[in-house]
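Right, one structure below, let's go through it.
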Amino acid sequence: MTRTTSGVAPVAACPITDVVDIVFSRWTTPILWTLHEHGRQRFVELERRIATITPKVLTQRLRQLERDGLVMRTYYPEVPPRVEYEISELGRSLGPLFAALANWSDHLPAVERARRDYDSARSSRSVPGRTVQ
């Protein structure tokens, strides 16, 4: 196990590290949100709803989500073959977390104000040719 300079393992220092790595890795949240909101979907439907994701990345993320047990893939041996994806019960169990985050988004205007205030204070302290830190 990797130790930090303080001698504490990173996961022990923050018990939600593994959860954050699984749930909030790039594209996971939009995929799970879309499957939760719209139900079972084919690849093309997901791709359309998450317009900025590439097919390659969507494929990779769906495979990882299936491996993690958050998404179920159903293959139908038809001509042409059909594949559908849906959120699993384990994936659905993240619903309260997503709801809490959606509620927290009410704080985004305060975050934007804090950023503006910070940037303004930083720029007023700068000296030509050098920035005071």
Side-chain angles (χ1 to χ4, degrees):
M1 179 174 272
T2 305
R3 300 268 179 203
T4 64
T5 54
S6 66
V8 177
V11 173
C14 181
I16 65 167
T17 299
D18 289 339
V19 175
V20 170
D21 286 347
I22 292 167
V23 177
F24 297 110
S25 59
R26 182 101 168 116
W27 298 113
T28 296
T29 307
I31 292 168
L32 291 175
W33 185 274
T34 301
L35 289 171
H36 178 74
E37 287 294 306
H38 301 283
R40 181 181 298 149
Q41 296 174 63
R42 295 177 77 168
F43 184 91
V44 176
E45 294 169 307
L46 269 171
E47 187 179 23
R48 233 179 273 134
R49 286 195 165 105
I50 310 170
T52 54
I53 194 169
T54 65
K56 177 183 176 184
V57 171
L58 180 57
T59 298
Q60 291 170 342
R61 295 307 314 144
L62 285 168
R63 284 183 184 152
Q64 185 62 50
L65 289 168
E66 184 181 7
R67 182 174 183 254
D68 291 340
L70 301 175
V71 167
M72 295 181 305
R73 177 184 184 268
T74 305
Y75 173 80
Y76 297 93
E78 305 168 344
V79 178
R82 179 171 50 111
V83 177
E84 294 179 338
Y85 297 91
E86 63 184 306
I87 194 166
S88 68
E89 282 302 314
L90 183 59
R92 269 195 229 0
S93 72
L94 293 167
L97 173 63
F98 289 150
L101 291 171
N103 288 336
W104 194 89
S105 70
D106 292 344
H107 296 286
L108 290 176
V111 171
E112 287 302 319
R113 279 192 303 279
R115 288 175 179 172
R116 281 193 306 275
D117 293 348
Y118 178 88
D119 292 345
S120 176
R122 295 278 298 171
S123 67
S124 67
R125 289 186 288 178
S126 65
V127 177
R130 159 175 106 86
T131 302
V132 178
Q133 295 187 14

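This structure is a prediction, so every number in the text was calculated from the model and none was measured. Sequence positions, counted from 1, serve as the residue numbers for this chain.
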Remaining members of the apolar cluster that contains Leu108, side-chain heavy atoms under 4.5 Å: Trp104, Val111
Pairs where residues 36-58 contributes a residue and the test ring-ring contact (aromatic ring centres under 6.0 Å, His included) is met, not counting sequence neighbours: none
Pairs touching residues 55-93 that satisfy ring-ring contact (aromatic ring centres under 6.0 Å, His included), sequence neighbours left out: none
Where at least one partner belongs to residues 105-116, residue pairs that pass side-chain hydrogen bond (donor to acceptor under 3.5 Å, both in side chains), sequence neighbours excluded: Glu112-Arg115
Partner set under side chain to side chain contact (heavy atoms under 4.5 Å, CB included) for Arg42, not counting sequence neighbours: Glu45, Arg82, Glu84
side-chain hydrogen bond (donor to acceptor under 3.5 Å, both in side chains) partners of Thr28, counting only residues at least two apart: Ser25, Arg61
Non-neighbouring partners of Tyr118 that pass side chain to side chain contact (heavy atoms under 4.5 Å, CB included), sequence neighbours left out: Arg122
Distance (rounded to the nearest 0.5 Å) between Leu35 CG and Ile50 CD1: 7.0 Å
Closest non-hydrogen atom pair, Ser88 against Gly69: OG-O, 2.5 Å
Arg49 side chain reached by Glu37 side chain, heavy atoms, under 4.5 Å: no
Within 6.0 angstrom of Arg73 CZ, more than 12 heavy atoms from elsewhere: yes
Those residues that, when tested against Glu89, pass salt bridge (Lys or Arg N to Asp or Glu O under 4.0 Å) (two or more places apart): Arg92
Met72 to Ile87 - nearest heavy-atom pair and separation: CE-O, 4.1 Å
Test side chain to side chain contact (heavy atoms under 4.5 Å, CB included) applied to Thr52 - qualifying residues, sequence neighbours left out: Trp27
Sidechain-backbone polar pair: Ser93 side chain, Leu90 backbone, donor-acceptor under 3.5 Å: yes
Check: Val71 and Leu32 side chains under 4.5 Å, non-hydrogen atoms: yes
Ile22 vs Leu70, side-chain contact (heavy atoms from CB on, under 4.5 Å): CA-CA, chis, key distance, verdict: CA-CA 10 Å; Ile22 292 167; Leu70 301 175; 3.9 Å; yes
Side chain to side chain contact (heavy atoms under 4.5 Å, CB included) against Leu97, all qualifying residues, sequence neighbours excluded: Val23, Phe24, Leu94, Leu101
Partners passing side-chain hydrogen bond (donor to acceptor under 3.5 Å, both in side chains) against Asp68 (at least two apart in sequence or in another chain): Gln64
Atom pair CD/CZ of Gln41 and Arg48 - distance to nearest 0.5 Å: 10.0 Å
